[in-house]
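Because only heavy atoms are used, hydrogens play no part in the values below, and waters and symmetry mates are left out as well, while side chains stay in. Chain naming here is simple, since letters A, B, ... match the order of the sequence lines and numbering starts at 1 in each.
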There are 2 protein chains.
Amino acid sequence: MLAAERREHLLDLLARTGKIVAKDVAADLGISEDSVRRDLRDLAAEGLCQRVYGGALPASPAVVDYDARQTVAPDGKRQVASVAAALVQPGSSVILDGGTTALAVARALPKDLACTVITHSPTIATALIDHPRAELFLLGGRVFKHSAVTCGAAAVEAAQNVSAELCLLGVTGVHPEAGLTTGDADEAAMKRALAARAADTYILASCEKIGTASPYRVLPWEKITGLITDADPHDTVIGQLKTLGVEVLVAQ
Amino acid sequence: MLAAERREHLLDLLARTGKIVAKDVAADLGISEDSVRRDLRDLAAEGLCQRVYGGALPASPAVVDYDARQTVAPDGKRQVASVAAALVQPGSSVILDGGTTALAVARALPKDLACTVITHSPTIATALIDHPRAELFLLGGRVFKHSAVTCGAAAVEAAQNVSAELCLLGVTGVHPEAGLTTGDADEAAMKRALAARAADTYILASCEKIGTASPYRVLPWEKITGLITDADPHDTVIGQLKTLGVEVLVAQ
DNA sequence: CCTGTTCTTGCATGGTTCTGCATGTATCTT
DNA sequence: AAGATACATGCAGAACCATGCAAGAACAGG
């Protein structure tokens, strides 16, 4: 592993997990703690991180301000994203929906993960440009401005030509009776088309979506593999979903 | 193995694996590490990679990010963009290429202009999300990371299904004899496909492109309507182009 | 076909940078 | 307060690098 690459890795880790433990990283990468410490010292000297006893933390808020605004996903979404990102196997293909939670998933993917990402969101495509080993496929079509994703006939048609192991879908409503719902008919159709092209479909649902419903039905429960959420596992709605046979992955 | 071929190999390797270890490549190709190092040094000098101890990494994404996000396009590009944006008639359709100059054009479009923008650049699509009256169509396909645009068979096929009054195309080289050129074969093909779908094609060429050539020919002079540039109108190369019958719009 | 020039390549050299270890010190935990 | 953990420093070996040089290939002109 190149020294510069190692430093990249550290920054990436810091951005994703919010902290670095020198000992752990050294063990992970199979290098001495001294090297890690030296790197951290250098990074701190450049203002890229804050050195603390035992490891490092992100640089002071003032410095990361700009990045932070971009990366700022509420904790819940970040946790959901992190669980979802872990589902993506090296070498596999994943269909990634648009939306802020899906964007958080894109950002939670390790920088050096070799996988194929298929998406209908230009925002997500842009976010993944700097993942050198990720193969990117963008589904074209009319851009639906409200959600910043492509939708409509052309986009659905484009989706017919891809397939993947995994589909990670965002929705705006998760309700025991109403099912999975969203605010636009075209968007709902697009989500259906995406889900149909993957072996497994997981729903990304940060806790504020649970128990709510939007006008347009996306999918019935039978069509999905599971739900990823940061909601309290003992929540009554979550309980109802489990009764319906939905696999619930809880992000804490 | 030819020197140029070797450099291609290095760039390819860099794009695929995200890093180059001089030692390994030298062993793989059966050449001395010195040659590899010399190549890497040259590539780095051209900004095509970032030289680090032990090998090389992709040209710093941080720099690209910075450029892309900061609205600060160099004055020249902004002037070119402003002239190009003025060519877009209300109610018309325009095919917009990727690249920094095209991005500047997108930003130069009046916020309330009602038009249809067709693009293969997710970056440009994202930039136009907040133009409420602009209809946006994104051409899908495999994302070519170096330029952040979709390229390849699927993208070219998608381009066959659109048409427009105007096409605004960026290139990396504008040369009287070599014609319009760019650095990637797939990208060149995509640009040709885009130009073929518009009644008029204008080339966006900030002054540093004038008189230079890249490996792959995009279009001959006959296929384009005009050139938009901020170069000195009395420049000898510009004079030669005019002699060739190219309409030159000079941005001041 | 020959000759001189230019470019490329591999090698040798000497300098620079990196890395892991050892040591003594600082900091944390109990 | 004492033990454990983390740290900075110095050091030596290793890896890496720029430079200069010479041999060879490619090329142009005669």
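Between C/dC18 and A/Arg6, no contact under 4.0 Å exists linking OP1 or OP2 to a side-chain N or O. For B/Ser35, no side-chain nitrogen or oxygen approaches OP1 or OP2 of C/dT8 to under 4.0 Å.
A salt bridge is defined here as a Lys NZ or Arg NE, NH1 or NH2 lying under 4.0 Å from an Asp or Glu carboxylate O, and A/Glu46 with A/Arg7 meets this definition. Salt bridge status for A/Glu135 with B/Arg142: present, with a side-chain N to carboxylate O gap under 4.0 Å.
A distance-only check finds no donor-acceptor pair linking the side chain of B/His175 to the backbone of B/Leu180 [under 3.5 Å].
Using a 4.0 Å heavy-atom criterion, one finds that B/Gly30 contacts no nucleic acid atom at all. At the heavy-atom level, B/Val36 lies nowhere under 4.0 Å from the strands shown.
Each of B/Val156, B/Leu138, B/Val149, B/Ile95 was evaluated against B/His120; a single residue qualifies, B/Val149, per the side-chain contact (heavy atoms from CB on, under 4.5 Å) test.
One interatomic measurement links the two molecules: CZ of A/Arg41 to P of C/dC18, which rounds to 13 Å at whole-angstrom precision. For A/Met1 and C/dT19, the CE to C1' distance is 15 Å, given to the nearest whole Å. The separation between A/Arg38 atom CZ and C/dG20 atom C1' is 7 Å, rounded to whole Å. Rounded to whole Å, atom P of C/dC11 lies 12 Å from atom CZ of B/Arg37. Per the geometry, CD belonging to A/Glu33 stands 20 Å off P belonging to C/dC18, to the nearest Å.
Of the candidates C/dG20, C/dC11, C/dA26, C/dA26 carries the atom nearest the A/Tyr53 side chain, counting heavy atoms from C-beta on.
Pairs of residues two or more places apart, or lying in two chains, never qualify as side chain to side chain donor-acceptor pair (under 3.5 Å) while including a residue from residues 242-251 of chain B.
Chain B approaches DNA chain D within less than 4.0 angstrom (heavy atoms of the protein), and the contacting nucleotides run 5' to 3' from D/dA15 to D/dT19.
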query: What's the verdict on side-chain contact (heavy atoms from CB on, under 4.5 Å) for A/Phe137 and A/Val117, showing C-alpha distance, side-chain angles and the deciding distance?
result: CA-CA 6 Å; A/Phe137 194 93; A/Val117 177; over 6 Å; no

